[in-house]
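Just below is one structure, and these are the notes that go with it.
These numbers come from the heavy atoms of this one structure, side chains and all, not from hydrogens, waters or symmetry mates.
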Amino acid sequence: MTPRREFAIVLSAALAVAAGTAQAQTKSAEQQIAEAVSPLPEGIRAGAEVRAFAEGGLFTLRAGSNAMICQADDPSREGFHAACYHRDLEPFMARGRELRADGMTRPEVDSIRLAEIEAGALEMPSQPTALYSLSSDHDAWDAATGMPVDASGLYVIYLPYATAESTGISAQPARDRPWLMYPGTPWAHVMISR
């Protein structure tokens, strides 16, 4: 065997090992879609748009046919988190992602978004809209149930400018009942844990 042929065989083997390692570290599109839509009720999963993370940020992995947008788990972060929200919340969510990517803190992000909403530069839905999420401290997946292992769910209903007085929903945080977070703000929302 010539040295050139030996080099080609060694190079091919190294590339095959590298490709196998990369595949083992990367989830298939089907797995990412299943994980991304897992927070949603079964009946609306098939029509949800799915976005996944890549080096350049979020990209559309699957087009949607209903009002929901789901974000797959970010592989660069520890644990598991998938969230789905109504498409009318996208400008608000996108602006938050943009500001956090610029290194801003939560109070800074909230302050900027509030100023932009009040100035009419950032649109928030005027009707109630939903957000569903599942989170876990690890990324283990149970193929039998189609759900992340030990995940806790959080369900949110955005009610712009809602208060405890206008809704009768307490603003006191609780795990055993719904409660109102950020009352009086454009992103006031009812929190429902499971």
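Among residue pairs with one or both ends in residues 47-75, none qualify as ring pair (Phe, Tyr, Trp, His ring centres under 6.0 Å); sequence neighbours excluded. Identified under the salt bridge (charged side-chain N to carboxylate O under 4.0 Å, His left out) test for residues 114-137, with sequence neighbours left out: Arg95-Glu116. Counting only residues at least two apart or in different chains, ring pair (Phe, Tyr, Trp, His ring centres under 6.0 Å) contacts with residues 83-130 comprise Phe92-Trp187. For residues 168-179, there are no side-chain hydrogen bond (donor to acceptor under 3.5 Å, both in side chains) pairs, not counting sequence neighbours. Within the structure, salt bridge (charged side-chain N to carboxylate O under 4.0 Å, His left out) contacts touching residues 30-39 (residues at least two apart or in different chains) are Lys27-Glu35. Every pair passing disulfide (SG to SG under 2.5 Å) that includes a residue from residues 76-128 is listed here, sequence neighbours excluded: Cys70-Cys84. For the side-chain hydrogen bond (donor to acceptor under 3.5 Å, both in side chains) condition, the pairs that include at least one residue of residues 66-75, sequence neighbours left out, are Gln71-Arg97, Asp74-Ser76.
One distance of note links CE of Met124 with CD1 of Ile117; it measures 5.0 Å at 0.5 Å rounding. In this structure, Leu131 CG and Leu40 CG are separated by 9.5 Å, a value rounded to the nearest 0.5 Å. Taking CD1 from Ile169 and CG from Leu180, the interatomic distance works out to 6.0 Å, rounded to the nearest 0.5 Å.
Hydrophobic clustering of Ile, Leu, Val, Met, Phe, Trp and Tyr side chains at less than 4.5 Å, counting indirect connections, unites Leu89 with Met191. Note on Ile44: it clusters hydrophobically with Ile192, by side-chain heavy-atom contacts below 4.5 Å among ILVMFWY residues. Clustering ILVMFWY residues whenever any of their side-chain heavy atoms sit less than 4.5 angstrom apart, transitively, puts Leu134 in a cluster other than the one holding Met93.
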Original post:
Checking side-chain hydrogen bond (donor to acceptor under 3.5 Å, both in side chains) for the pair Glu108/Ser111: CA distance, chi angles, key distance, verdict?
Top reply: CA-CA 5 Å; Glu108 291 170 322; Ser111 176; over 6 Å; no
Original post:
How far apart are the C-alpha atoms of Tyr132 and Ser38, what are their side-chain angles, what is the distance that settles it, and do they pass the side chain to side chain contact (heavy atoms under 4.5 Å, CB included) test?
Top reply: CA-CA 9 Å; Tyr132 303 81; Ser38 64; over 6 Å; no
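Residues passing the salt bridge (charged side-chain N to carboxylate O under 4.0 Å, His left out) test with Glu78, sequence neighbours excluded: none. A search for side chain to side chain donor-acceptor pair (under 3.5 Å) contacts involving Arg51 returns Glu49, Glu90, not counting sequence neighbours. Qualifying side chain to side chain donor-acceptor pair (under 3.5 Å) partners for Thr185, counting only residues two or more places apart in sequence or in other chains: none. Partners of Gln127 under the side chain to side chain donor-acceptor pair (under 3.5 Å) rule, at least two apart in sequence or in another chain, are Asp88.
A donor-acceptor pair under 3.5 Å links the side-chain atoms of Arg62 to the main chain of Ala48, judged by distance alone. Panel note: side chain Thr167, backbone Thr163; a donor-acceptor pair is recorded below 3.5 Å.
Side-chain contact between Val50 and Thr60 is absent, with no heavy atoms from C-beta onward closer than 4.5 Å.
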Got a list of side-chain donor-acceptor pairs under 3.5 Å for residues 154-162, not counting sequence neighbours?
| unit_1 | atom_1 | unit_2 | atom_2 | d |
| --- | --- | --- | --- | --- |
| Tyr155 | OH | Arg194 | NE | 2.7 |

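Considering every non-hydrogen atom in both Ser136 and Asp150, the closest pair reads OG-O, 3.7 Å. Among all heavy-atom pairs drawn from Pro178 and Val190, the shortest one is CB-CG1, 3.7 Å. In terms of heavy-atom proximity, His81 sits nearest to Ser133 at CE1-CB, 3.8 Å. Of all heavy-atom pairs spanning Ala72 and Gln32, the tightest one is CB-O, 4.0 Å.
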